[in-house]
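Just so we're on the same page: letters track the sequence lines, and every chain starts at 1. This is a predicted model, so every value here is computed, not measured.
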Amino acid sequence: MSATTAPMSLDLSGTQRVPMSRLAKVEFRKSLDTRAGFWFTLTILALVAVVMVIYSFAADDTMKDFADYLPIAGGVLGYFVPILIIMLVTSEASQRNGLVTFTLEPQRSRVVIAKFLAGVGLAVCVMIAGFVLAALGTLLGTALGGTGEWSVDGNLVFNGFVLANLIGVFIGFAIAMLIMNTAGAIVGYFAYSLILPIAVGILSALSSGFEKVAPWIEFNTAQMPLFSGDYTPTGEEWAQILVSGTIWLILPLALGIWRLLRIEFK
Amino acid sequence: MIKVEGLTRKYGAFTAVDDVSFVCQPGRVTGFLGPNGAGKTTTMRVMVGLTPATSGRVTIGGHLYHDIPNPGLHVGVLLDASAQHAGRTGREILTLGAKTMGLPESRVDEMLALVSLDKTESNRRLRNYSLGMKQRLGIAHALLGDPSVLILDEPANGLDPAGIRWMRGLLKSYADRGGTVLLSSHLLHEVEQIADEMILIGRGKIVASGTKDELLAGAEHKTSLVTALDNELLAKTLRDRGVTVTPAGSGLRVDTAPVEVGRVSVEHGIVLTDLRSADGGLEDLFLSLTEDTQRDNLSAAGAPAAATTTTEGAKA
């Protein structure tokens with residue numbers, strides 16, 4: 001700033017846009033720099049560890065292979081990772097710091113992408129930790145008399161662990177973007193992941209017609225082939241994942257993004 | 001530097017900001033003054049792209065805020081000091097800002113020192129901050145990127161008298177170095193002391209703008225406070241002319257303009273020791289201009305049309 005002849009226009013030629021990598025790094029930091037975010041992440045991992053220990057003592061000796069531990073770790077993580085993502089996204093509105101976030105990066109779509117990348121990054125970190133915990137669980141199982149078989153089916157690792165958790169990230173992200181309120185989104189997530197499958201189960205039991213339709217319209221049901229059997233969905237099952245995924249993931253996500261890009265951010 | 005052109009923002013049938021236009025010059029502190037709910041915050045929110053305008057636009061240095069890359073380096077914004085995650089420490093909040101803008105960590109320490117938040121305070125979580133501390137942190141956040149434009153909504157809110165004086169000095173020297181400052185307030189004396197230019201807004205409309213002198217130039221004075229060596233003689237002379245005179249402290253309150261009192265004093269050789277207008281100050285002007293947005297019991301003098309001097313016309 002020069003003294004007397006201050007210009008009426010801003011010279012922007014020397015300024016670069018904030019790179020996406022930096023935005024994503026900041027968002028990643030934001031997911032862990034509050035007590036809520038940090039301790040929740042740690043608690044999830046602690047929970048995985050506790051489940052591993054209990055399983056090691058309780059399970060049959062023939063079921064203490066790495067291939068047994070991994071889906072358990074994946075299941076626990078898959079259940080809670082969406083809540084991590086929900087907290088990361090909705091705190092902008094619930095804690096109102098979005099006011100600053102969207103002032104420092106007025107292109108809101110870039111913030112959305114950065115949040116998603118940070119969410120995936122966080123999920124990957126948690127998954128690696130879950131992988132390590134599953135390995136430690138296997139060692140403990142072996143010490144307690146298990147066979148300690150380390151070979152695992154590639155489909156189990158990818159579908160039952162990686163893909164399932166990535167879908168969890170998507171689910172959390174979609175619900176958070178749609179509801180944009182921490183408490184509301186968590187309730188929404190539990191309704192989706194707990195109440196909905198039960199309702200579908202009851203309806204399927206009552207009507208065989210519904211049972212055939214369910215995997216096409218209910219995402220939890222459609223995902224089952226990813227976590228069970230040979231961990232390899234058939235062509236039809238993939239199609240069901242795609243169709244129900246569009247209903248439960250793509251639609252709310254699109255609606256949430258569409259709204260965020262237009263609303264007045266309070 | 002900040003140019004608001006025909007800005008209107010409607011919420012259904014309610015018009016929060018109604019065809020507002022003004023300019024904030026570099027090197028000057030512009031005060032944005034109006035009662036609660038007059039549209040100050042909405043105008044500022046539109047400036048930084050948080051609220052879409054119904055019509056009209058705001059440019060900062062010729063650009064829409066949305067188009068400014070890494071805007072934190074050019075425009076410092078403080079809209080609501082409480083709008084931060086309550087669970088983050090003050091230092092962490094500044095660190096996130098600095099990291100987003102690509103600034104070194106040392107900048108955070110500089111800003112904390114500038115706003116006098118010590119090490120212990122900066123490591124406390126925001127929920128434990130007083131309003132004044134939040135305000136200081138918010139100002140530090142706005143200044144992080146060494147911007148050339150500052151947009152501050154009610155920055156003096158919650159600051160103690162020493163803090164207000166400190167902020168006044170800070171913004172003055174900032175403007176003296178060529179920066180553009182826009183700050184809003186509903187407290188007249190706060191703005192009066194700090195702003196070079198003033199924009200008065202009431203019920204979404206600009207009711208007056210200009211420097212303090214320009215604003216007061218058009219005001220009519222109908223009451224005077226006067227003290228003479230011989231108060232009784234002056235009172236008698238004025239009453240003979242049909243002017244109402246009432247004692248006020250050591251002098252008199254006279255229901256006529258100071259110029260009339262002066263004329264009487266010259267004509268009758270009455271020595272005055274003090275003569276000034278009892279009305280027509282900035283406060284009266286402010287209240288009269290915004291009176292329809294307040295309760296309807298104020299009938300103070302004022303001349304909105306005469307007082308209006310658009311800064312654009314005066315400077316461009």
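- Taking OG1 of A/T101 as the start and NE2 of B/H85 as the end, the distance is 11.0 Å to the nearest 0.5 Å.
- Your options are B/H66, B/R88, B/H74, B/H63, and the one with the most heavy-atom pairs under 4.5 Å with chain A is B/R88.
- Counting heavy-atom pairs closer than 4.5 Å to chain A, the top residue among B/I68, B/L78, B/N70 is B/N70.
- Distance alone, capped at 3.5 Å, is enough to place a donor-acceptor pair between the A/Q95 side chain and the B/A86 backbone.
- Heavy atoms of B/T95 lying under 4.5 Å from chain A belong exclusively to its side chain.
- Residue contact with chain A, scored on non-hydrogen atoms closer than 4.5 Å, involves the backbone and the side chain of B/I60 alike.
- Considering CG of A/D33 and OG1 of B/T89, their distance stands at 7.5 Å, rounded to 0.5 Å.
- Proximity to chain B (any heavy atom under 4.5 Å) is shown, for A/T15, by both the backbone and the side chain.
- Of all residues spanning residues 129-140 of chain B, none has a heavy atom less than 4.5 Å away from chain A's heavy atoms.
- Counting heavy atoms from C-beta on, the side chains of B/S148 and A/L10 come closer than 4.5 Å.
- A/K266 has its side chain out of reach of B/T51: every pair of non-hydrogen atoms, C-beta onward, lies at least 4.5 Å apart.
- Side-chain contact between A/V100 and B/Q84 is present, with heavy atoms from C-beta onward closer than 4.5 Å.
- For NZ of B/K10, the number of neighbouring non-hydrogen atoms (other residues, nucleotides, ligands) closer than 6.0 Å is 12 at most.
- Side-chain contact between B/P52 and A/E264: present, with at least one pair of heavy atoms (C-beta onward) separated by less than 4.5 Å.
- Comparing A/R108, A/R17, A/R29, A/E105 by how many heavy-atom pairs each has under 4.5 Å with chain B, the most go to A/R29.
- Among B/G72, B/G102, B/G49, B/G145, the residue making the largest number of heavy-atom pairs under 4.5 Å with chain A is B/G102.
- Of all non-hydrogen atoms in B/D67 and A/L12, the two that sit nearest each other are O-CD1, 4.4 Å.
- Looking at B/E92 and A/T34, their side chains never come closer than 4.5 Å, going by heavy atoms from C-beta outward.
- Among the candidates B/L50, B/T59, B/V48, the residue making the largest number of heavy-atom pairs closer than 4.5 Å to chain A is B/L50.
- Using a 4.5 Å cut-off between heavy atoms, A/R22 contacts chain B through its side chain alone, with no backbone atom that close.
- Considering only heavy atoms from C-beta on, B/H141 comes within 4.5 Å of A/L104 through its side chain.
- Note that NZ of A/K25 and CG of B/L96 are 14.0 Å apart. Values are rounded to the nearest 0.5 Å.
- With a 4.5 Å cut-off on non-hydrogen atoms, A/Q16 touches chain B through its backbone but not through its side chain.
- If you measure heavy-atom distances from A/L99 to chain B, the contacts under 4.5 Å come from both the backbone and the side chain.
- When heavy atoms are compared at a cutoff of 4.5 Å, A/R262 approaches chain B solely by way of its backbone atoms N, CA, C and O.
- Counting non-hydrogen atoms of neighbouring residues, nucleotides and ligands closer than 6.0 angstrom, the CZ atom of B/R57 reaches no more than 12 such neighbours.
- B/Y65 is listed as a side-chain neighbour of A/T103, based on a closest heavy-atom distance under 4.5 Å.
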